[in-house]
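Read through the structure below, which is laid out as structure tokens, and then see the notes.
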Amino acid sequence: MEAAYQPQPTEQRWRQRWAEMDLGAADPASSKPAFSIALPPPNITGSLHMGHALNALVQDSLCRFYRMNGYEVCWVPGTDHAAIATQNVIERQLADEGTSKEELGREAFATRVDAWYRTYQGRILEQLQRLGATCDWRRERFTLDDAYVRVIRIVFGELYRQGLIYRGPRIVNWCPRCRSAISDEEVEYQEQLDTFYYVRYPLVLGQGSLEVATTRPETILADVAVAVAPGDERFRRYVGQSVRDPLGGREIPVIEDQAVDPQVGTGVLKITPGHSAEDYEIGERHHLPIQTVISLDGLMIAPGFPDLDGRGVGEAREIAAARLRESGAMIREEPLLHQVGHCDRCGTVIEPLVTPQWWVRIRDLADPAGEAVASGKIKIHPAQFRVQYLDWVAGLRDWCISRQLWLGHRIPVSTCANGHSFAWVDEPAICPECSSSDLTADPDVLDTWFSSGLWPFAILGWPDPNPTLERFYPTSVLSTARDILQHWVVRMVMMGLRFTSDIPFHDVLFHATILGADGARMSKSRGNVVDPLDMVDKYGADALRAWGASVAMGTQDARFDETRVEGYSHFANKLWNMTRLLYLVHFPGEDQPGRIPETAEPARESLQLADRWILSRLGGLTQLVTKALPEFDFGGAMDAIYGFAWHELADWYLELVKARLETGDAVALWVTRRVLLQMATLLHPIMPFLTDALAEQFAGTPASLDRATWPAVEMEWIDPDSEMAMAGCMNLISSLRKWLTELGIEVSKRSIRVPFFVREEGPELAQPEALGYVSAVLPITWVEPSAYDGRAARPQLVAGRTTLALGRSAGPGADRWKESAQRELVKASALRAKLEAHLDGPFAEKAPAEVVQRERDRLEEVRQRQVLLTRLIES
RNA sequence: GGGCGAAUAGCUCAGUGGUAGAGCGCCUCGUUUACACCGAGGAUGUCGCAGGUUCGAAUCCUGCUUCGCCCACCA
């Protein structure tokens with residue numbers, strides 16, 4: 001074994017081995033219970049980011065855990081074409097090259113896209129493998145594959161025939177830059193400072209006017225009414241009359257509508273159904289016409305107004321405001337901070353526009369999706385996101401699924417010259433109704449989330465009955481980032497329930513979002529992005545995984561902290577060297593190859609105190625980890641293993657057992673081997689590379705711990721008495737070591753042996769092995785008290801209820817021992833006073849008996865300690 | 001505006017009704033035959049603020065402050 005653990009060559013070797021062993025291969029014919037995960041398909045828009053990495057390691061840890069627990073695990077990987085995102089990435093590239101998709105033309109653009117997908121698709125999956133992911137790689141899916149496209153068309157056709165998909169002109173969130181509609185969920189609201197314009201709308205008949213407050217004077221030309229709240233006394237006399245729009249001079253009615261809030265602005269709302277979602281609804285209620293003054297490019301259409309016509313919306317706003325000021329219609333202007341919708345892909349301000357689009361009637365789909373979570377059939381972790389899910393599902397509106405992009409799944413509908421529209425799976429040459437061959441295919445493509453929503457069953461071969469689908473659907477767990485809840489998770493539940501009559505997964509995991517070290521979301525523009533593969537290069541995949549496990553399920557976003565990743569790389573080295581310690585006992589030569597041999601389990605009676613203690617602790621650890629992982633408490637499992645390995649096994653047990661190992665003590669050899677190996681097994685789901693490299697050093701282990709059986713808890717190991725005895729002994733050793741240091745005795749010098757004798761023996765030394773343990777880790781030697789009785793005051797130490805005395809005049813710090821004892825006495829007295837006061841009060845009567853007893857024991861201990869210390873100082 | 005969450009050591013974060021924890025950083029000392037990717041020791045905390053419940057609160061409740069996330073048609 002090398003003196004230091006080397007992650008890079010080790011990981012490379014094991015990646016290859018796992019691939020050869022095909023660890024992820026799922027056999028639908030197996031008789032084991034099933035566990036399955038559909039890997040959330042990363043967008044093919046570049047490389048893997050920290051979120052992907054975190055998500056991958058969460059899923060991989062679960063898959064490994066369940067395989068080790070006897071499950072047939074199916075983890076299906078894949079990628080998503082991500083229409084809008086990919087198109088934007090490629091458009092940016094083209095812009096950098098000084099060209100555009102329009103210049104290229106559709107065909108050349110499509111070629112370009114294909115090349116992009118080919119380059120990055122494989123790369124993303126390779127990156128997952130570098131993290132140690134054990135997917136069933138042969139089942140890889142891509143949302144543009146023929147089979148996947150077929151599923152989409154079948155689903156679309158079904159919904160179409162069931163009347164759940166319809167086409168119609170309605171107001172949509174239009175992104176003028178993408179030149180496409182986007183769904184409500186793709187709109188991101190940002191606070192923005194604009195001007196609030198107060199504008200006068202004069203009555204057509206008679207004197208008077210209404211004041212309207214608006215942020216969008218350029219849309220006055222598309223106003224079709226002015227509305228007030230029902231019963232608003234201030235404006236009662238205007239209702240039913242007409243006012244003139246102050247730019248165009250058209251007559252428009254004054255109406256009442258419940259959507260108007262009398263508190264906001266002037267209490268009078270201009271109604272522009274063509275350019276506001278809210279106004280559109282009001283317009284529908286009152287059967288108002290729709291006027292349009294903004295084009296799909298976001299430019300004004302105002303033929304009668306040459307100064308406005310063809311201008312951008314921003315410019316037009318300034319011009320319209322100027323006109324209003326000139327005409328005297330502008331009453332005043334004030335700054336207004338408000339929320340404005342932006343395209344979440346390109347950041348452009350959304351323009352609500354009325355265009356013909358395809359829609360999914362949502363209620364029939366959403367209600368069952370809500371019920372699945374409300375009833376507990378689908379569980380969400382952490383639990384507080386359940387509420388968010390339910391609120392969100394309850395508020396869903398019809399879903400706009402058409403996009404006017406060049407990239408994506410075509411809407412599988414054609415219309416013939418005679419006006420027959422029909423959905424298809426394979427594009428037909430003639431109309432099925434009238435056999436007309438004059439067909440027009442719909443030009444739009446589908447929202448990416450429409451196809452992603454089918455992922456869990458589409459990748460398992462639906463709709464054709466097959467063993468994989470039968471066996472692994474519904475999937476067990478869906479793990480994802482929480483920002484995708486509304487986009488994706490809900491869609492999958494809706495589609496799953498509708499088309500498979502079953503939930504798509506049992507548990508939903510929302511892992512933490514990883515922020516940059518500066519606490520902001522990672523973004524290229526902020527320059528705070530950390531590439532997970534850089535971390536893998538630097539510290540190893542296992543270190544990154546261990547860190548990820550420790551933060552994955554926090555309820556709060558987690559800042560990336562490289563020092564902690566580094567800390568876990570040290571941990572990996574520590575584990576390596578703990579195993580190396582045992583290895584060198586068997587194979588003392590540096591380069592001597594061999595495997596730590598299996599030996600027979602010793603009889604329980606032959607175990608020493610330390611052996612019983614560490615096995616008991618191991619039993620407790622096994623219990624904890626076995627419970628934590630299926631509850632998705634990766635952090636709890638990681639912390640427990642870390643603490644056990646470093647602060648119990650390495651710091652104490654291995655130090656105590658070293659001498660026994662060197663003399664070939666069969667019991668010590670067996671216990672050490674057992675503990676090291678079982679600990680590695682428990683850690684394998686989280687740190688697979690390292691633990692496999694460790695297990696390889698032991699004879700009789702499987703080719704990978706992934707194939708090992710998960711350790712059962714050995715109940716007979718659980719031994720509270722030994723744990724308590726050992727705790728006392730460790731406490732004594734710590735006190736003595738501290739004390740020796742204070743006396744100026746070099747604790748770690750092996751050449752020195754300081755004589756000590758036991759003056760008062762407390763429970764710390766009750767176990768026969770205890771004295772030996774103290775002298776095993778400290779440079780002391782035990783002498784008979786009689787040899788020193790009667791001598792003058794000797795430096796003494798009180799630890800717990802044990803008093804030890806130094807057997808010769810001490811080194812340079814010899815005169816300091818009384819100071820040290822004095823300090824201890826002060827502490828003991830203070831503690832005693834506190835405990836006595838506590839036990840004197842109502843605590844003694846009201847608290848549970850065992851808690852009170854514990855305090856009494858502490859008091860008794862501290863009293864004795866005080867007596868000992870006092871005697872000591874006075875001696 | 002509504003909902004959810006967070007506030008613990010210098011930094012990043014665990015934790016939990018009964019004696020405040022880890023990693024990293026800092027100070028002292030040490031070892032180089034498991035590990036300097038190490039060991040031993042140390043300093044640093046009114047566990048956001050104010051009330052309440054309780055024998056006991058960092059932990060439960062209420063209010064407040066600050067930060068974050070989600071939702072929402074304030075024009």
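Proteins get letters first, then strands, A, B, ... in listed order; numbering begins at 1 in each.
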N/O to N/O distances under 3.5 Å, protein versus nucleotides 19-23 of chain B:
from, atom 1, to, atom 2, distance (Å)
rU19(B), O2, Arg858(A), NH2, 3.2

What are the atom names and distances for every N/O pair under 3.5 Å that joins the protein to nucleotides 3-8 of chain B?
from, atom 1, to, atom 2, distance (Å)
rG5(B), O2', Gln556(A), OE1, 2.9
rG5(B), N2, Gln556(A), NE2, 3.3
rA6(B), O4', Gln556(A), OE1, 3.2

ask   = Pairing of RNA chain B as dot-bracket, 5' to 3': ( ) intra-strand, [ ] crossing, | other strand, . unpaired, with Watson-Crick or G-U pairs under 3.5 Å?
value = (((((((..((((....[..)))).((((((....).))))).....(((((..]....))))))))))))....
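For Asp261(A), the side chain to side chain donor-acceptor pair (under 3.5 Å) criterion is met by no residue, not counting sequence neighbours. Glu188(A) meets the side-chain contact (heavy atoms from CB on, under 4.5 Å) test with Gln190(A), Asp344(A); sequence neighbours excluded. Partners of Thr513(A) by side-chain contact (heavy atoms from CB on, under 4.5 Å), not counting sequence neighbours, listed by chain and number: Arg482(A), Leu515(A), Arg521(A), Asp557(A). Shown here are the side chain to side chain donor-acceptor pair (under 3.5 Å) partners of His381(A), two or more places apart in sequence or in another chain: Asp507(A). For Val212(A), the side-chain contact (heavy atoms from CB on, under 4.5 Å) partners are Tyr201(A), Val226(A), Val268(A), Lys270(A), not counting sequence neighbours. Listed by chain and number, the residues in a ring-ring contact (aromatic ring centres under 6.0 Å, His included) with Tyr198(A) are Phe196(A) (sequence neighbours excluded). In this structure His570(A) satisfies the ring-ring contact (aromatic ring centres under 6.0 Å, His included) test with no other residue, sequence neighbours excluded.
A heavy-atom distance below 4.0 Å to RNA chain B is reached by these residues of residues 273-280 of chain A, ordered by number: Glu278(A). Interface residues of residues 216-230 of chain A facing RNA chain B, ordered by number: none; criterion, heavy-atom separation under 4.0 Å.
No engagement by Ala572(A) is indicated, since no non-hydrogen atom pair under 4.0 Å with the nucleic acid exists.
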